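What follows is a single structure, written as structure tokens, with notes after it.
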Amino acid sequence: MTKIERVKGTRDLLPEQMAKRRYVFDRIREVFERYAFNEILTPTFEYTRLFQLRSGEEVVRQLYAFKDKGGRDVSLRPDLTSSVARLFVSQFQNAPKPVKWYYITNMFRYEEPQSGRLREFWQAGVELIGSPGIEADAEVIALMIESYLATGLKDFTVNIGDRVLLDEFARMLGVEDDIGLMRLIDKKDKLAEEEFVEALMDFGLKRDDVEKVLSLIELKGAPDEVLPKARELFKSESAAEELKKIEELFELLEAYGVRDYALIDLGIARGFDYYTSIVFEAIAPNELGIGSIGGGGRYDNLIEVFGGKPTPATGFAIGIERLIPILESRGLLPEFELRPDVFVVYIGRELEIRKKAAEVTRMLRRAGMKADYDIQGRKLRKALDYANRFGIPIVVIIGKKDLAEGRVTVRDMATGEQRLVPAEKVVEEVRGMLGR
RNA sequence: GCCGGGGUGGUGUAGCCUGGUUAGCACAGGGGACUGUGGAUCCCCUAGCCCGGGUUCAAAUCCCGGCCCCGGCCCCA
């Protein structure tokens, strides 16, 4: 027989893991809902062209692309932003603004799996479309912070950068390959300073331009320290305007009560080419080799690229497979009881007895208890053994002799105490023992 | 796409270097000892060398390729 394995970079999620994931999803979903974002879902696959429109070469390279039976070129979604843009352009351009949508679903990228990276992974994200103001940036950044807080995470920061300033910076240096420069700057934290300097020289920067880059990446920390320095580095009017926005952003974040979790890091570029202004990423210290646990930013011209009227937008995505191991490593995820509350076993093979077991189980289930019965029809000894192994606290034993008197035995597995009760009282009895 | 380390029953492993008994052990699973009372013990059973090729009288073991896992690069969540 041929053994079929999982496709590379995919995961089976077992009951314990699913319980934890659902817990995390629920916490995040509650916050999203409280911020008045509404859930949407788009198709798992779209025309490949949709994802190519955005033209980030790397994204296209990582597409899970194939031809369907009708000869259509389609791809599994690598994120939801393109689909959301498509949906917005085709049906929501005249909707009252802003449009506030969220999603919690799976994405697919054909990459080499490693720590915190799979080919199928889940993201919880939001898109806020139609708001140009800094209030919109503040809204989504605050929401991201509150989402992490809702999962119990406390030591993390959301680092905020700005594409306008980076563009300006590239212009100051006379660099044409601004994206290339941003990529390089983005790597600052991974390299030792001398390696970083070397990489910048290799990129073609002159000595004093390298110095400028080094002073740029110094622009990191609380706004009170960073903003004055940034004002010295950036002299243009547009930069001054952008810095003013950042200042306001932090004032707003204070009003949201989450300012302490946010920092400025003007060296953040983010990989996607479509970001236009404020960008941000969430980092939580860990020894798991996991980088950012979420990221986002403003993409004011993407809707246009998808054929819509110019429409400002911003959003973020939280990487579930990165967040969960971090929560787990900090003991922030509760343990979930998967075992039933009560287990019904029967003695004998007669249909009457088997029916009674099903019936008693039904009554317990109808009463809202997590109840199971021994479908295997084990011997009593083995059945108790089974219940014990799973830590099932209560067992109902149905035997012929007692049943003749209309009674069943309810056993407390921890103490071994048993009571013979009328069959119709079994729900009441079990409920009492469970303390509900 | 590139680089490094790995792949033995369901799980964890011994064996591999130095080719040669029926591939050992533990746990888990099923059954029994015990036909109406568990957590103990004993017995039995189920079940494995990732796939393909090569070398050899002989391959889990050596060689090559592929697949998958872990990690790194690129990139990103």
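Throughout, a chain's letter reflects where its sequence line sits, starting with A, and its residues are numbered from 1. Computed from a predicted model, the values in this text were never measured in an experiment.
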Under 4.0 Å, heavy atoms only, any strand: does [X] hit a base, just the sugar-phosphate, or nothing?
| X | result |
| --- | --- |
| L118(A) | base |
| G391(A) | nothing |
| E111(A) | base |
| E321(A) | nothing |
| G116(A) | base |

Of D300(A), L302(A), T314(A), V164(A), the residue whose pairing with T276(A) passes side-chain contact (heavy atoms from CB on, under 4.5 Å) =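 So, applying the side-chain contact (heavy atoms from CB on, under 4.5 Å) to T276(A) and each of D300(A), L302(A), T314(A), V164(A), only D300(A) qualifies.
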
Determine the Euclidean distance between corresponding [atom1] atoms of [M] and [N]; express it in Å to zero decimal places.
| N | M | atom1 | result |
| --- | --- | --- | --- |
| A58(B) | A40(B) | C1' | 47 Å |
| U11(B) | C51(B) | P | 15 Å |
| C63(B) | G72(B) | C1' | 27 Å |
| A59(B) | C17(B) | C1' | 15 Å |

Carboxylate-amine/guanidinium contact E112(A) K8(A), below 4.0 Å =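 Salt bridge flag = yes for K8(A) with E112(A).
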
If only side-chain N and O atoms count, and only distance matters, is there a donor-acceptor pair under 3.5 Å linking [Y] with [X]?
| X | Y | value |
| --- | --- | --- |
| Y299(A) | E127(A) | yes |
| E146(A) | Y35(A) | yes |
| N106(A) | E120(A) | yes |

Examine A77(B): is either OP1 or OP2 under 4.0 Å from a nitrogen or oxygen in the side chain of Q123(A)? Give yes or no.
->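 For A77(B), neither OP1 nor OP2 has a side-chain N or O of Q123(A) closer than 4.0 Å.
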
So, is R11(A) near the phosphate of C70(B), with a side-chain N or O under 4.0 Å from OP1 or OP2?
-> yes

Does a sphere of radius 6.0 Å around CZ in R366(A) hold more than 12 heavy atoms from other residues, nucleotides or ligands, not counting ones at 6.0 Å or beyond?
->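 No, because the 6.0 Å sphere around CZ of R366(A) holds 12 heavy atoms or fewer from other groups.
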
Using a 4.0 Å cut-off on protein heavy atoms (strictly under), produce a 5'-to-3' string for nucleotides 29-39 of chain B with B for base contact, S for backbone-only sugar-phosphate contact, and - for none.
-> SS-BSBSBBBB

Given RNA chain B, 5'-ward residue of the pair E5(A) and P113(A), judged by closest heavy atom |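 Nearer the 5' end of the strand: E5(A).
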
Of Y110(A) and A317(A), the one whose closest RNA chain B nucleotide lies more 5' |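 Counting from the 5' end, the first nearest nucleotide belongs to Y110(A).
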
Verdict with reasoning, F45(A) to Y64(A), per ring-ring contact (aromatic ring centres under 6.0 Å, His included) | CA-CA 9 Å; F45(A) 50 94; Y64(A) 244 108; over 10 Å; no

Take the protein atom CG of L63(A) and the nucleotide atom P of C75(B), then report the distance between them rounded to whole Å.
->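 Distance check: L63(A) CG to C75(B) P gives 17 Å.
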
Would you mind reading off the distance between I104(A) atom CD1 and A77(B) atom P, rounded to a whole angstrom?
->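 Those two atoms, CD1 and P, are 17 Å apart.
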
Classify the side chain of R322(A) and the base of C76(B) as holding, or not holding, a donor-acceptor pair under 3.5 Å.
->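 Check passes, donor-acceptor contact within cut-off.
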
